[in-house]
There are 2 protein chains.
Amino acid sequence: MKITDKVKKKDLTQMRQKQILDVATRVFSKKGFASTQVDEIAGLAGLGKGTVYRYFKDKKDLFLSIVDRGIRNLKDLVLEAMAEEKEPLDKIKKAIETYLKFFEKHSYLIRVFIHEQSEFQKRIQKRYYQHYYEHVNKIEEVFKKAQTLGLIKKKIKPKLAIAILTDMLNSFIYTWQLTGQKYSLSESFSLITEIYFTGILEEKDK
Amino acid sequence: MKITDKVKKKDLTQMRQKQILDVATRVFSKKGFASTQVDEIAGLAGLGKGTVYRYFKDKKDLFLSIVDRGIRNLKDLVLEAMAEEKEPLDKIKKAIETYLKFFEKHSYLIRVFIHEQSEFQKRIQKRYYQHYYEHVNKIEEVFKKAQTLGLIKKKIKPKLAIAILTDMLNSFIYTWQLTGQKYSLSESFSLITEIYFTGILEEKDK
DNA sequence: TTAAATAGACTGACCAGTCCGTCATTATAA
DNA sequence: TTATAATGACGGACTGGTCAGTCTATTTAA
């Protein structure tokens, strides 16, 4: 019975954690770390505050768990999507598209990422960059390959170009989120992609 | 004597306000609205808390005053700088350069702008966009002129292109600020400008 | 019957905003 | 010129409310 017990226990724990994380993500995204009350999260999750503290050490732990989960999901999705494509430029396009779709679905998350950087500078960045780098390294390889193939200007440093792309996407999503998602992300992103690509690509007709 | 008195009083008031605003900008930028204590601002300004409340109605009023002052300065600088140039493309370049230099000098301000949008959404945005639009309208005219002259792709909508540019700049400055300003903004911005322009400009050699 | 899970009352720290006494400067009077 | 009064800038102790985290009584499950 011990094994079954452990499984059940694990199930309950995971279920509760997910339940709390889901609510917490919404609330933290809306109000930011400092203005969020743990009471509200507990209430919306239909739980008592004590229960929340059963599953998370403290408010910070809860917050960082959200960040962790979000980044992990995003990274996995992007890497999987890229793997589906063959050509370097298609891989990059696919990465942009996936990134965009992720936030179209989880739009509130962008706030957590951008919003709280100063409060948690080191910690978030540590977690963020840990995942981010795996992710960037893959994309960097793709960039380099595209450069070898003569598709992307040789003088552009992949790391910086990727940073610029990420920044463009992040802040565009952020603005889009703030202004009430009045237009479709996909629509505007085609323009961003065009600006980004036409600037980056070697001219074809030389 | 009354006139002199009024002048003196006004001087003192302005001086104190500036003194408090300067400190408050630093502290709010570093900690965000919710985590900033008015006590700390007072302390760093070498004043008692009561004195701070003499000059500002409450914490919110103080915060919004910072935002106001910053945006007003930025707008004035950009418009003045643009007025110095004749050619549309030079005007745009100059605007980018000025925007960048402003934040290189007042790097902490970008945090206040980006960071607190969710807490104060409506209020900040109202103030922000009030100034922003005067500013954008001017730039938009320049864009349109450049399109008439055949310098910029006709199919690009100026408003959207300006939004993208602003977003690129903002988030680049933000990241730069967060990561400890390890490189010169001007340096990276030349790359951004290149990406932005080469993507935007009609090809010259057709 | 017992052990784990849960709720929410409670505590102590924290902090925005107030209130009042002090002090410096300027005006008034002798 | 000097003594006294009035003004108002100022500091910081204080208050009341809020909220993270704890503790215990109660519920649930086995």
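First the proteins, then the strands, lettered A, B, ... as listed; each starts at 1.
- Summarising the geometry, the separation between NZ on Lys60(A) and P on dG21(D) is reported as 9 Å, rounded to the nearest angstrom.
- A pairwise comparison of heavy atoms in Ile139(A) and Met82(A) identifies CG1-SD, 3.7 Å as the closest pair.
- Judged by the 6.0 Å distance and 45° axis criteria, Lys93(A) is positioned over the aromatic ring of Phe197(A).
- In this structure, of dA7(C), dA5(C), dA20(D), it is dA5(C) that holds the atom nearest to the side chain of Arg54(A).
- Taking a cutoff of 4.0 Å between a charged side-chain nitrogen and a carboxylate oxygen, Glu140(A) and Lys144(A) qualify as a salt bridge.
- Between Arg16(A) and the phosphate of dT6(C), there is a side-chain N or O to OP1/OP2 separation shorter than 4.0 Å.
- Rounding to whole angstrom units, NZ of residue Lys57(A) and C1' of dA20(D) are separated by 12 Å.
- Taking atom NZ on Lys59(A) and atom P on dT18(D), their separation rounds to 15 Å, with Å as the unit.
- For Thr51(A), no side-chain nitrogen or oxygen approaches OP1 or OP2 of dA5(C) to under 4.0 Å.
- Against DNA chain C, the stretch residues 37-44 of chain B makes heavy-atom approaches under 4.0 Å through Gln37(B), Val38(B).
- Between dG11(D) and Tyr53(B), no contact under 4.0 Å exists linking OP1 or OP2 to a side-chain N or O.
- A residue-by-residue look at Gly46(A) and Asp58(B) shows that Gly46(A) has its nearest nucleotide of DNA chain C further toward the 5' end.
- Ion pairing of Lys18(A) with Asp22(A) is present here, as a side-chain N (NZ or NE/NH1/NH2) and a carboxylate O approach within less than 4.0 Å.
- Across the protein-nucleic acid pair, Lys49(A) atom NZ and dA20(D) atom P stand 6 Å apart, rounded to whole Å.
- At least one side-chain heavy atom of Leu62(A) sits less than 4.5 Å from a side-chain heavy atom of Ile41(A).
- The residues Glu40(A) and Lys30(A) are annotated as not salt-bridged, no charged nitrogen and carboxylate oxygen being separated by less than 4.0 angstrom.
- Counting only heavy atoms from C-beta on, Leu47(A) has its side chain closest to dA7(C) among dG17(C), dG21(D), dA7(C).
- Relative ring orientation between Phe33(B) and Phe28(B) is described as parallel, the plane-to-plane angle staying below 30° on a 0-90° scale split at 30° and 60°.
- Here the P atom of nucleotide dG21(D) and the OH atom of Tyr55(A) are 19 Å apart, to the nearest Å.
- Across the protein-nucleic acid pair, Lys31(B) atom NZ and dC14(C) atom P stand 12 Å apart, rounded to whole Å.
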